Number of protein chains: 2
Amino acid sequence: MQIKLFDSELKIMDVLWKNGDTTAKRIAEILKEQVGWNKTTTYTLIKRCIDKGAIERVEPNFVCRSLVTIEQARELETTELINKIYDGAADQLVASILGRKNLSPEEIEKLKRLVNSLE
Amino acid sequence: MQIKLFDSELKIMDVLWKNGDTTAKRIAEILKEQVGWNKTTTYTLIKRCIDKGAIERVEPNFVCRSLVTIEQARELETTELINKIYDGAADQLVASILGRKNLSPEEIEKLKRLVNSLE
DNA sequence: GATTGTATTCTACTCCGGTAGAACAAACTT
DNA sequence: AAGTTTGTTCTACCGGAGTAGAATACAATC
């Protein structure tokens, strides 16, 4: 059972993934600065994340805690992309990325090691 | 300058990518069958694709021709995903896919060849 | 060239994600 | 304890993607 997070909800989650448990107030501050959101916008999105089970409030201080790992979210989003435009073939997506001209030598090196370590 | 295609527009483009130049009528037939779209819905989407420069009509028969390659569309969508949830790091996306358990041996083999042919 | 049928465009409704103001609750100050 | 500030929720507007009916243009047939 996967939780689909909208783009704006991902912004909330990203703060938690980057900073760990965080108060709503602090999240609002961060997103105010990062994307100019009104405080109540942030609170609304936090509420929605709670409602769909992506966030829980924990004591002390009623802090926000993520119930979804970034890996889970990435997996879901990536699967959607693959189904949407890669005909469900994950290796085509990888091939597409490797085919780009804008990978740094470091990234290429990392990927070589990664792929060759498979199996 | 990239053309952003919405999900429904991608359905139109996909018919062209799979079948080459196609009449509007035929596209409507295909999508009627594949996703149950009303004929006019398909025509509307074709029109929008034309308006944003993703499709042109060519003689004879006023046929629809794609002006965007699937590779271009894939690159755009993939870049958006990477920026949305992978902090802009393409290699993390690849790592995430490779980390899954659902790649077939054939796919892995293909990828190894691909990676090792780089540079 | 009037009539019928078909291809295309125009126009508009609907639903939902994004955003935030207003209302409310809790805590703090004097 | 009344008043003030701060944290949270309730409610609702807005724009845009998705969808399709109505209207129009075009082609074919007689």
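A, B, ... follow the sequence lines: proteins, then strands. Residue 1 opens every chain. The shown structure was predicted, so the numbers you read here are calculated from the model rather than taken from an experiment. The figures here come from the full heavy-atom set of this structure, side chains too, leaving out hydrogens, waters and symmetry mates.
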Exercise. Hey, is the main chain of A:T69 close enough, under 3.5 Å, to the side chain of A:Q72 for a donor-acceptor pair?
Worked result: yes

Exercise. So, A:K52 and A:E9, do they make that salt bridge, N to O below 4.0 Å?
Worked result: yes

Seminar exercise, completed: Here the gap from A:I85 atom CD1 to B:D14 atom CG, rounded to the nearest 0.5 Å, amounts to 8.0 Å

Problem set entry | NZ/NE/NH1/NH2 to OD/OE distance under 4.0 Å, B:E77 and B:K4 | yes

Exercise. Could you state the CG-P distance from B:N38 to C:dT9, rounded to the nearest angstrom?
Worked result: 16 Å

Exercise. Of the residues in residues 71-88 of chain A, which ones touch DNA chain C at a heavy-atom distance under 4.0 Å?
Worked result: none

Seminar exercise, completed: Rounded to whole Å, CZ of A:F6 lies from P of D:dG16 at a distance of 18 Å

For this session: Check the distance between D:dA20's C1' and B:L31's CG and give it to me in whole angstrom.
Result: 15 Å

Problem set entry | Reading 5' to 3' through nucleotides 6-11 of chain D, protein heavy-atom contacts under 4.0 Å coded B for base, S for sugar-phosphate only, - for none | -SBBB-

For this session: May I ask you to test the A:L45-A:K11 pair for a side-chain heavy-atom distance under 4.5 Å?
Result: no

Seminar exercise, completed: note: A:L10, atom CG; C:dG17, atom P; distance rounded to Å ~ 13 Å

Problem set entry | Any B:I30 side-chain heavy atom under 4.5 Å of B:N19 side chain | yes

For this session: Go through the steps to decide whether B:D91 and A:R113 satisfy the test salt bridge (Lys or Arg N to Asp or Glu O under 4.0 Å), and finish with yes or no.
Result: CA-CA 11 Å; B:D91 61 316; A:R113 252 180 281 129; over 6 Å; no

Exercise. Do you know which of B:I55, B:D21, B:V68, B:I70 makes side chain to side chain contact (heavy atoms under 4.5 Å, CB included) with B:L16?
Worked result: B:I55

For this session: Give a yes/no answer on whether the side chain of B:S8 brings an N or O atom under 4.0 Å of OP1 or OP2 in D:dG18.
Result: yes

Exercise. Has A:W37 got a side-chain N or O lying under 4.0 Å from the OP1 or OP2 atom of C:dA20?
Worked result: no

Exercise. What is the distance from CG of B:L45 to C1' of C:dA12, rounded to the nearest Å?
Worked result: 15 Å

Problem set entry | Whole-Å distance separating the NZ atom of A:K32 from the P atom of C:dA20 | 8 Å

Problem set entry | Spacing of A:K11 atom NZ relative to C:dA20 atom P, expressed in whole Å | 12 Å

Problem set entry | Rounded distance (Å) that lies between atom C1' of C:dT8 and atom CZ of B:R26 | 19 Å

Exercise. Just checking B:T41: base, sugar-phosphate only, or nothing, at a heavy-atom cut-off of under 4.0 Å?
Worked result: base

For this session: Rounded to the nearest 0.5 Å, what's the gap from SG on B:C64 to CZ on B:R26? Could you check?
Result: 13.0 Å

